[in-house]
There are 2 protein chains.
Amino acid sequence: MGRPGLNRTAVIAAAADLADELGFDAVTISVLARHLGVRSPTLYSHISGATDLRTAVTAYVLDELADATSTAIAAGEGRDLLVAYADAIRDFARRSPGRYDATTRQRVPPASDPAAEIPDSVAAAITAGRRNADLALAVVRSYGIAQTDETYAVRLMSSLIHGYITLELAGTFAHSEPSSDATWGEALDDLDGSLTRLAARAAAANMVR
Amino acid sequence: MGRPGLNRTAVIAAAADLADELGFDAVTISVLARHLGVRSPTLYSHISGATDLRTAVTAYVLDELADATSTAIAAGEGRDLLVAYADAIRDFARRSPGRYDATTRQRVPPASDPAAEIPDSVAAAITAGRRNADLALAVVRSYGIAQTDETYAVRLMSSLIHGYITLELAGTFAHSEPSSDATWGEALDDLDGSLTRLAARAAAANMVR
DNA sequence: CGAATTGCCTAACAGTTGTAGGAAATCTAG
DNA sequence: CTAGATTTCCTACAACTGTTAGGCAATTCG
């Protein structure tokens, strides 16, 4: 089976680590090659270029994130589930800012030509993205929200969590009181309130029926 | 006063336009120079390098954004003000995605050495950032929220608005019903509810006093 | 008109991306 | 154990980006 050495997964994992260390943008082919003790053309045996590398890192990291959240939310429902889910994402982002950055720097493929080839890394990112979306949906469903409101609930929850974490990570909350931890808890309380009200709406509609 | 031609502002404005056209990351010195019909070393008369260019674009765009929101919220208070403010930001982001990207790609200067020189562009970005923060605070204050809760309210509002716009711009909401416009309106309703409840808390506290 | 000012240029170098082709290391079949 | 296939990694090279240095030319002001 040929000579052993690097493989695609090892390269991508190293790139993810490097992103946490230096920032996602600083992960270039040549920096990564130096870091792996290898010449840069070598990496082209494992990845097809810089774009492919970045997309592959995004997919890899989205899977790690889904692993983290799905572990955290294994038990519980409603408020407990929401807090566990949101905390898992926030912890992930603070422990691995470069990885978290990678999850955000992805645009949806621009409605490509039907015949266009979809690279493996893009397909993997789409799949991993859907996995995360399904987890968010599971959190919302545990509140018992009506199907009509599910999409809205997911968007509300995701927007708030992602927005808060992004701003926190950018340092926006570092220069004023109260602590970011305190307002994070409050924000989750408010979000829990909104989701609970949506669920109540669903229950009321059921009564009428 | 010498020969007329480009000046720093013109270069930065062109870079902002280019960001909307090609994406913020695609705005490189050489691309910008070509776009301006000039050789790349020429730009070094106006900017001090690629980092300076990006930071300057961020500052420039943060000022444009503050102009847009402050115009929109000139009149009104409470819910009307919130909607006008949030819509102004969202419209800005959708009309100028590259510019909006520029506002987010900025990290706070890493607690630099007290003696470290602060480049003009960084100082400008900080000032413009504060201008936007003050506008957000004005929206919150119009609800009559207690001073203790102001910071939390600003963080909640900013997180939701920024998070929603970021995800929408990334195309996350493009593949499911209902329309993003519909859920945006709902999200602002919920946010208005949260801010209103915070204001009620302030009013109650006043009664007790 | 002369001089100062300023804008833009060419030349050149370092670093990065990406391609092409070859040499060495390892695994597997006989 | 040997031969072949496979795969890794390398050197060499071309194109492009960022950046510095130094010089020519256009414009404005006295």
Side-chain angles (χ1 to χ4, degrees), chain A residues 1-19 21-58 60 98 101-102 105-107 117 119-122, chain B residues 1-19 21-60 98 101-102 105-107 117 119-122 125:
Chain A
M1 221 196 11
R3 166 185 181 187
L6 288 176
N7 55 32
R8 183 175 168 95
T9 306
V11 170
I12 293 167
D17 289 343
L18 212 50
E21 223 174 293
L22 310 175
F24 186 64
D25 289 331
V27 179
T28 66
I29 303 262
S30 44
V31 169
L32 179 57
R34 262 195 298 280
H35 191 255
L36 288 168
V38 140
R39 302 298 177 138
S40 45
T42 300
L43 295 185
Y44 287 83
S45 309
H46 306 289
I47 57 173
S48 73
T51 307
D52 179 53
L53 172 64
R54 276 150 207 273
T55 310
V57 169
T58 298
Y60 178 83
D101 241 38
R105 291 282 178 77
Q106 210 57 24
R107 293 281 171 282
E117 298 279 330
D120 278 4
S121 52
V122 173
Chain B
M1 217 193 23
R3 170 183 179 186
L6 288 174
N7 55 34
R8 183 174 167 96
T9 307
V11 169
I12 293 167
D17 289 342
L18 212 50
E21 223 175 293
L22 310 176
F24 186 63
D25 289 332
V27 179
T28 65
I29 303 261
S30 42
V31 168
L32 180 57
R34 262 195 299 281
H35 190 255
L36 288 168
V38 144
R39 302 298 178 136
S40 46
T42 300
L43 294 185
Y44 286 81
S45 309
H46 305 289
I47 56 173
S48 73
T51 307
D52 178 54
L53 173 64
R54 277 149 205 275
T55 311
V57 169
T58 298
Y60 179 81
D101 242 38
R105 291 283 178 76
Q106 211 57 23
R107 295 280 172 282
E117 297 279 328
D120 278 4
S121 51
V122 173

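These values consider heavy atoms only, across backbone and side chains, with no hydrogens, waters or symmetry-generated copies.
Each side-chain hydrogen bond (donor to acceptor under 3.5 Å, both in side chains) pair with one or both residues in residues 40-50 of chain A, not counting sequence neighbours, would appear here, but there are none.
Between the CG atom of B:Asn7 and the P atom of C:dT6 there is a distance of 13 Å, given to the nearest Å. Atom pair B:Leu53:CG and D:dG18:C1' shows a separation of 12 Å (rounding to whole Å applied). To the nearest angstrom, C1' of C:dG7 lies 13 Å from CG of B:Leu36. Across the protein-nucleic acid pair, B:Ile47 atom CD1 and D:dT20 atom P stand 11 Å apart, rounded to whole Å. B:Leu32 has its CG atom 18 Å from the P atom of D:dC16, to the nearest Å. One atom, CG of A:Leu43, and another, C1' of D:dT8, lie 12 Å apart when rounded to the nearest Å. As rounded to whole Å, 17 Å separates atom C1' of D:dG18 from atom NE2 of B:His46.
Here the side chains of B:Val11 and B:Arg8 are not in contact, with every heavy-atom distance at 4.5 Å or above.
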side-chain contact (heavy atoms from CB on, under 4.5 Å) between A:Val57 and A:Leu53, worked out: CA-CA 6 Å; A:Val57 169; A:Leu53 172 64; 4.2 Å; yes
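Residue-environment remark: CG (B:Asp25) exceeds the threshold of 12 foreign heavy atoms within 6.0 Å.
Residues A:Leu43 and A:Ile29 approach most closely at CD1-O, 3.5 Å, considering heavy atoms.
Legend: residues meeting side chain to side chain contact (heavy atoms under 4.5 Å, CB included) with B:Pro119, ordered by chain and number and at least two apart, are B:Ser121, B:Val122.
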Show me the protein contacts with nucleotides 13-18 of chain C, counting only N or O atoms at under 3.5 Å.
residue: C:dT16; atom: OP1; partner: A:Arg34; partner atom: NH2; Å: 3.3
residue: C:dT16; atom: O5'; partner: A:Ser30; partner atom: OG; Å: 3.3
residue: C:dT17; atom: OP1; partner: A:Ile29; partner atom: N; Å: 3.2
residue: C:dT17; atom: OP2; partner: A:Ile29; partner atom: N; Å: 3.4
residue: C:dT17; atom: OP2; partner: A:Ser30; partner atom: N; Å: 2.8
residue: C:dT17; atom: OP2; partner: A:Ser30; partner atom: OG; Å: 2.9
residue: C:dG18; atom: OP2; partner: A:Tyr44; partner atom: OH; Å: 3.1
residue: C:dG18; atom: OP2; partner: A:Ala50; partner atom: N; Å: 2.8
residue: C:dG18; atom: O5'; partner: A:Tyr44; partner atom: OH; Å: 3.4

